[in-house]
Amino acid sequence: MANAGVQLLGFILALIGCFGVIAATIMVQWKASAYVGDNIITAQAMYEGLWQTCASQSTGQVQCKVYDSLLQLPGNVQGTRGLMVSSIVLCFISILVAVMGMKCTTVMSDSPELKDKVALSGGIIFILAGLLALAGTSWFGSNIAKEFYNPFTPTNSRYEFGSALYVGWASAILVIIGGAFLSCHCPKQDAGPTQRYPQPHPVGGKNYV
């Protein structure tokens with residue numbers, strides 16, 4: 001298995017990525033109003049997130065409104081919510097599992113092989129969590145791009161990538177890299193073929209056919 005230094009580095013990267021996934025899920029800047037065409041000069045900026053929408057005035061005042069109904073939301077918003085929340089849940093599970101399996105902890109120190117398997121499991125769960133977050137942010141971003149380049153979308157209704165998407169992408173990559181460090185496997189060196197010696201016969205013994 002990976003040494004303690006590599007495991008600790010992977011755990012720190014994955015932990016930072018998990019905090020980033022949580023921050024991206026909470027942030028409202030998933031979609032930001034695009035300043036194109038006649039919308040270049042405007043008195044307010046619109047932001048849409050997974051949980052609420054906000055309008056920022058030029059005076060600095062920000063007004064936010066939570067979505068009224070879950071069933072009225074677009075399918076990509078509902079799906080992204082599920083993927084991000086699932087990623088966060090897996091992050092918490094993987095943190096607990098990885099802490100027990102890391103070599104720098106004393107948990108299960110009397111069973112090194114089992115401890116390595118637990119660390120491997122924690123790394124795999126981290127990778128799954130990162131893939132879920134990456135899928136959610138990429139899905140949401142692809143829908144923004146489709147609506148932006150759709151010629152039937154009004155100019156004042158076009159949105160571009162918000163800062164939450166970039167935070168989510170970076171965090172998902174950190175979680176995946178951290179999980180890979182935790183689950184990297186170094187094959188053990190073989191001790192070589194064991195030599196077998198013939199069993200000695202007892203002194204004075206007789207062999208019968």
Side-chain angles (χ1 to χ4, degrees), residues 13-40 42-57 61-97 122-180:
L13 291 177
L15 186 63
I16 295 174
C18 287
F19 285 129
V21 171
I22 296 174
T25 305
I26 298 174
M27 292 173 64
V28 73
Q29 294 88 356
W30 281 71
K31 292 170 63 176
S33 55
Y35 300 102
V36 293
D38 299 333
N39 199 29
I40 295 177
T42 182
Q44 66 179 3
M46 300 295 297
Y47 301 99
E48 292 186 11
L50 300 179
W51 314 98
Q52 60 183 353
T53 177
C54 293
S56 176
Q57 306 293 335
Q61 183 181 4
V62 179
Q63 296 179 346
C64 296
K65 179 183 179 182
V66 180
Y67 295 130
D68 296 328
S69 176
L70 174 64
L71 299 179
Q72 292 180 352
L73 293 176
N76 65 312
V77 177
Q78 298 182 24
T80 304
R81 274 186 179 185
L83 290 173
M84 298 302 289
V85 172
S86 301
S87 176
I88 293 173
V89 173
L90 287 181
C91 277
F92 283 113
I93 295 175
S94 56
I95 288 173
L96 297 177
V97 175
I124 293 175
I125 300 175
F126 267 129
I127 294 176
L128 292 177
L131 290 176
L132 287 178
L134 188 62
T137 51
S138 299
W139 184 15
F140 199 93
S142 65
N143 280 274
I144 295 176
K146 289 179 181 178
E147 293 177 359
F148 184 87
Y149 291 109
N150 187 353
F152 298 102
T153 302
T155 305
N156 56 357
S157 300
R158 293 183 179 180
Y159 288 85
E160 59 187 3
F161 296 157
S163 56
L165 279 179
Y166 298 104
V167 174
W169 281 324
S171 302
I173 293 174
L174 284 178
V175 174
I176 294 174
I177 294 176

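All values below come from the heavy atoms of this structure, side chains included, with hydrogens, waters and symmetry mates left out.
Summarising the geometry of V28 relative to C54, their closest heavy-atom pair is CG2-SG, 3.7 Å, with the distance given to 0.1 Å. Residues K31 and E147 share a closest heavy-atom pair of NZ-OE1, 3.7 Å. The nearest pair of heavy atoms linking V21 to S87 is CG1-OG, 3.9 Å.
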Which is it for W51 and T25 under the side-chain contact (heavy atoms from CB on, under 4.5 Å) test, yes or no, and what are the steps along the way? CA-CA 9 Å; W51 314 98; T25 305; 3.8 Å; yes
Test I144 against L165 for side-chain contact (heavy atoms from CB on, under 4.5 Å), laying out the working first. CA-CA 11 Å; I144 295 176; L165 279 179; 3.8 Å; yes
Given side-chain contact (heavy atoms from CB on, under 4.5 Å), test E48 with V77 step by step and report yes or no. CA-CA 10 Å; E48 292 186 11; V77 177; over 6 Å; no
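Considering only heavy atoms from C-beta on, F19 stays 4.5 Å or farther from L174 through its side chain.
A donor-acceptor contact closer than 3.5 angstrom links the side chains of T137 and W169.
The CD1 atom of I16 sits 11.5 Å away from atom CD1 of I177, with the distance rounded to the nearest 0.5 Å. In this structure, CG on D68 lies 9.5 Å from CG on L73, to the nearest 0.5 angstrom. In this structure, K146 NZ and N76 CG are separated by 9.5 Å, a value rounded to the nearest 0.5 Å. Considering OG of S163 and OH of Y47, their distance stands at 8.0 Å, rounded to 0.5 Å. Between the CD atom of Q61 and the OG atom of S56 there is a distance of 9.5 Å, given to the nearest 0.5 Å. Rounded to the nearest 0.5 Å, atoms CE (M84) and SG (C91) are 9.0 Å apart.
Of the residues F140, F148, Y166, the one that meets the side-chain contact (heavy atoms from CB on, under 4.5 Å) test with F161 is Y166.
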Less than 3.5 Å apart, which donor and acceptor atoms pair up between the side chains of residues 124-136 and the rest of the protein, not counting sequence neighbours?
none

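Although no hydrogens or angles enter the test, the distance criterion places a donor-acceptor pair under 3.5 Å between the side chain of W30 and the main chain of A24.
Legend: residues meeting side chain to side chain donor-acceptor pair (under 3.5 Å) with S171, ordered by chain and number and at least two apart, are absent.
Residue-environment remark: OH (Y67) exceeds the threshold of 12 foreign heavy atoms within 6.0 Å.
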